[in-house]
*Asks:* 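Pasting in a structure now, in structure tokens, and then I'll have a few things to ask.
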There are 2 protein chains.
Amino acid sequence: MNEPAGKTTGDTRSRILDAAEVLFMDHGFDGTSMRMITSRAAVNLAAVNYHFGSKELLIQEVFRRRLTDLNKARLAALDVLEAEAGEVPIKPSRIVDAFFGTALRMAADVEGGGHTFMCLLGRTYTEPNEFVRQFLAEEYAECVERFLAALYRALPEVERKEILWRFHFMMGAMSYAIAGTDALQLVTGKFDDEDPSQLAPRLMSFLLGGLRSPLAEAGPPK
Amino acid sequence: MNEPAGKTTGDTRSRILDAAEVLFMDHGFDGTSMRMITSRAAVNLAAVNYHFGSKELLIQEVFRRRLTDLNKARLAALDVLEAEAGEVPIKPSRIVDAFFGTALRMAADVEGGGHTFMCLLGRTYTEPNEFVRQFLAEEYAECVERFLAALYRALPEVERKEILWRFHFMMGAMSYAIAGTDALQLVTGKFDDEDPSQLAPRLMSFLLGGLRSPLAEAGPPK
DNA sequence: GTATGATTCAAACAAACGTTTTAATTAATC
DNA sequence: GATTAATTAAAACGTTTGTTTGAATCATAC
């Protein structure tokens with residue numbers, strides 16, 4: 001009557017989402033037409049408007065689908081850390097890993113589309129589309145709030161403003177490391193073995209080094 | 001007969017370039033139409049095709065115009081360092097400053113459009129438009145080559161592969177710091193005083209911390 | 001002043017865009 | 001099996017896209 005799984009019912013929706021995810025990542029929102037999406041998903045042109053309402057709402061759903069899980073995983077990791085720690089402060093490196101490491105593990109999932117999505121997310125950070133931006137801000141609000149609070153507690157001697165800056169820098173290094181298409185052919189080509197699993201430890205080390213670096217102005221390195 | 005300066009002759013070209021630069025930064029290449037450009041520049045619609053040939057060639061010229069100067073300035077700074085040093089190795093922090101500091105100083109120039117361009121450049125790194133990508137790679141080739149060589153010499157004990165990775169990470173942190181539209185409203189709003197001059201010292205400190213951070217695998221911190 | 005080349009202009013081009021419409025088809029309910 | 005709702009299909013909608021055209025305007029040189 002119906003096929004075993006994942007090919008018939010409600011399948012149109014996910015086929016569209018999967019196709020859109022890849023195409024948005026490759027060509028951006030404006031560079032991806034409805035016809036590109038529906039033809040890649042092998043569905044009718046009208047299907048997107050039927051299932052999602054509009055192109056903008058489709059974009060929103062592409063992000064929501066994965067971002068909810070990602071930020072849940074991040075918060076769950078933070079919950080574990082805080083439960084384990086009790087009253088003693090948490091090591092900053094653990095907090096950084098809960099936030100950035102979780103994202104990196106998602107980005108390492110090539111088969112399931114996690115990698116594609118993280119690339120898309122990374123390029124969206126620098127694409128100031130007002131519509132997407134506001135959506136991202138709302139979707140991230142709670143998660144960022146809690147992680148910043150955790151970092152504030154973990155680094156009570158560092159000015160909060162400085163922590164904000166460094167969190168910002170870490171976001172950038174991670175986004176670019178994942179999504180940066182290596183426009184300058186820096187990494188690509190210079191060494192061919194492109195094992196995605198090599199990225200995470202290297203990036204984490206870099207992020208922590210940056211986080212721990214002595215502050216620029218006024219404060220001596222101590 | 002003719003106005004004092006910069007308003008009449010050959011002005012159409014630069015008016016188009018200036019308008020395109022801002023619009024590309026705000027809306028991306030596909031999100032910016034010829035009509036948006038020409039109307040902002042207050043020139044006729046056909047002017048772009050007349051002066052540049054096509055939209056793609058206009059994009060190319062928008063980059064070429066500033067990138068040539070930027071990379072010249074970087075190489076000049078490196079020349080000075082190498083001349084001063086003679087045979088003794090150059091401090092990595094000086095090399096990093098010659099590359100990233102030069103870019104940051106360009107980004108600090110808001111009036112002259114340097115800031116706009118650096119934002120555009122930053123968002124382009126994560127926009128894998130094949131056309132622009134290849135152009136950027138060629139435009140950057142010599143500069144990246146020489147700076148990497150300088151870093152290799154300055155850090156002879158560090159594997160070259162690791163230096164490549166860290167250069168890549170630094171590119172990301174800088175791009176995002178400048179171009180990142182702060183999609184998560186991390187920095188914006190959390191502290192209102194948004195003085196662009198505050199960015200450079202903070203970022204440089206972060207970059208150097210990341211660069212000096214102990215390597216992830218196999219190697220003990222020493 | 002007239003001729004020449006460069007530039008600007010308004011208008012139009014075909015192609016592609018997101019969306020809507022109406023009919024055909026499928027799935028589920030009675 | 002008939003009825004109803006959900007989904008898919010093909011075709012068309014009006015706009016907007018990048019580009020081209022041919023005449024009008026400008027500056028310059030003879």
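The figures here come from the full heavy-atom set of this structure, side chains too, leaving out hydrogens, waters and symmetry mates. In the text below, chain A, chain B and the rest are named by the order of the sequence lines, each starting its count at 1.
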*Asks:* Assess whether ring pair (Phe, Tyr, Trp, His ring centres under 6.0 Å) is satisfied between A:Phe131 and A:Phe29, documenting all intermediate values.
*Replies:* CA-CA 11 Å; A:Phe131 180 79; A:Phe29 304 124; 9.1 Å; no
*Asks:* To the nearest Å, give me how far apart CE (A:Met36) and C1' (C:dC17) are.
*Replies:*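 Taking atom C1' of C:dC17 as the reference, CE of A:Met36 is at 12 Å.
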*Asks:* What is the ring orientation for A:Phe206 with B:Phe169, classed by angle as parallel under 30°, tilted 30 to 60°, or perpendicular over 60°?
*Replies:* tilted
*Asks:* For the residue pair A:Glu139 and A:Thr68, confirm or rule out a side-chain donor-acceptor distance under 3.5 Å.
*Replies:* yes
*Asks:* Can a donor-acceptor pair be found between the side chains of A:Arg133 and A:Tyr125 at a distance below 3.5 Å?
*Replies:*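 Absent: no donor and acceptor within the cut-off.
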*Asks:* In terms of side-chain geometry, is the basic nitrogen of A:Glu82 or A:Arg146 positioned less than 4.0 Å from the acidic oxygen of its partner?
*Replies:*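 Yes.
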*Asks:* Axis-to-axis angle across the helix from C:dG1-D:dC30 to C:dC30-D:dG1, five pairs an end, to 10 degrees?
*Replies:*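 The end axes of the helix from C:dG1-D:dC30 to C:dC30-D:dG1 are about 0° apart, to the nearest 10°.
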*Asks:* Is it true that a side-chain atom of B:Ser54 and a backbone atom of B:Leu57 form a donor plus acceptor pair closer than 3.5 Å?
*Replies:*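 Answer holds: yes.
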*Asks:* Can you check the B:Phe52 CZ to D:dG18 C1' distance for me, whole Å?
*Replies:*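 It is 16 Å, rounded to the nearest whole Å.
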*Asks:* Atom CD1 of A:Ile59 and atom C1' of C:dG18: how far apart are they, to the nearest Å?
*Replies:* 12 Å
*Asks:* Report, one line per pair, each donor and acceptor closer than 3.5 Å where one atom sits in a side chain of residues 35-49 of chain B; sequence neighbours left out.
*Replies:*
unit_1  : atom_1 : unit_2  : atom_2 : d
B:Thr38 : OG1    : B:Met34 : O      : 2.9
B:Thr38 : OG1    : B:Arg35 : O      : 3.4
B:Asn44 : OD1    : B:Ala46 : N      : 2.9

*Asks:* Can you figure out which of C:dT7, D:dT19, D:dA6 approaches the side chain of B:Met34 most closely?
*Replies:*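 Shortest atom-to-atom distance from the side chain points to D:dT19.
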*Asks:* Would you tabulate the side-chain donor-acceptor contacts of residues 105-114 of chain A under 3.5 Å, counting partners in other chains and residues two or more places apart, or write 'none'?
*Replies:*
unit_1   : atom_1 : unit_2   : atom_2 : d
A:Asp109 : OD1    : A:Gly112 : N      : 2.9

*Asks:* Within the 4.0 Å heavy-atom criterion, would you say A:Thr38 contacts the bases, only the backbone, or no part of the nucleic acid?
*Replies:*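 Answer is nothing: A:Thr38 stays at 4.0 Å or more from every strand.
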*Asks:* For B:Asp18, enumerate each residue passing the side-chain hydrogen bond (donor to acceptor under 3.5 Å, both in side chains) test, keeping only those at least two apart in sequence or located in another chain.
*Replies:*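 B:Asp18: side-chain hydrogen bond (donor to acceptor under 3.5 Å, both in side chains) contacts with B:Arg65.
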*Asks:* In whole angstrom, what separates B:Tyr50's OH from C:dC9's P?
*Replies:* 12 Å
*Asks:* Between A:His51 and D:dT8, is there a side-chain N or O to OP1/OP2 distance below 4.0 Å?
*Replies:* yes
*Asks:* For B:Asp11 and D:dA27, what is the distance between atoms CG and C1' respectively, to the nearest whole Å?
*Replies:*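 Spelled out: CG on B:Asp11 to C1' on D:dA27 is 16 Å.
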*Asks:* Using heavy atoms to find the nearest nucleotide of DNA chain C for A:Ser33 and A:Gly53 separately, return the residue whose nucleotide is more 5′.
*Replies:* A:Ser33
*Asks:* Do any of residues 22-31 of chain A sit with a heavy atom less than 4.0 Å from DNA chain C, and if so which?
*Replies:* none
*Asks:* Heavy atoms from C-beta onward define the side chain here; which of D:dT8, D:dT19, C:dT7 lies closest to that of B:Asn49?
*Replies:* D:dT19
*Asks:* For the side chain of B:Ser213 and the backbone of A:Ser205, is there at least one donor-acceptor N/O pair under 3.5 Å apart?
*Replies:*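 Judged by distance alone, yes, a pair lies under 3.5 Å.
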*Asks:* If only atom types and distance count, is the side chain of B:Arg74 paired as donor or acceptor with the main-chain N or O of B:Phe99 below 3.5 Å?
*Replies:* yes
*Asks:* Between the protein and nucleotides 10-14 of chain C, which nitrogen or oxygen pairs are less than 3.5 angstrom apart?
*Replies:*
none

*Asks:* Side-chain N or O of B:Thr12 versus OP1/OP2 of C:dT8: is the shortest distance under 4.0 Å?
*Replies:*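 True: B:Thr12 side-chain N/O within range (under 4.0 Å) of C:dT8 OP1/OP2.
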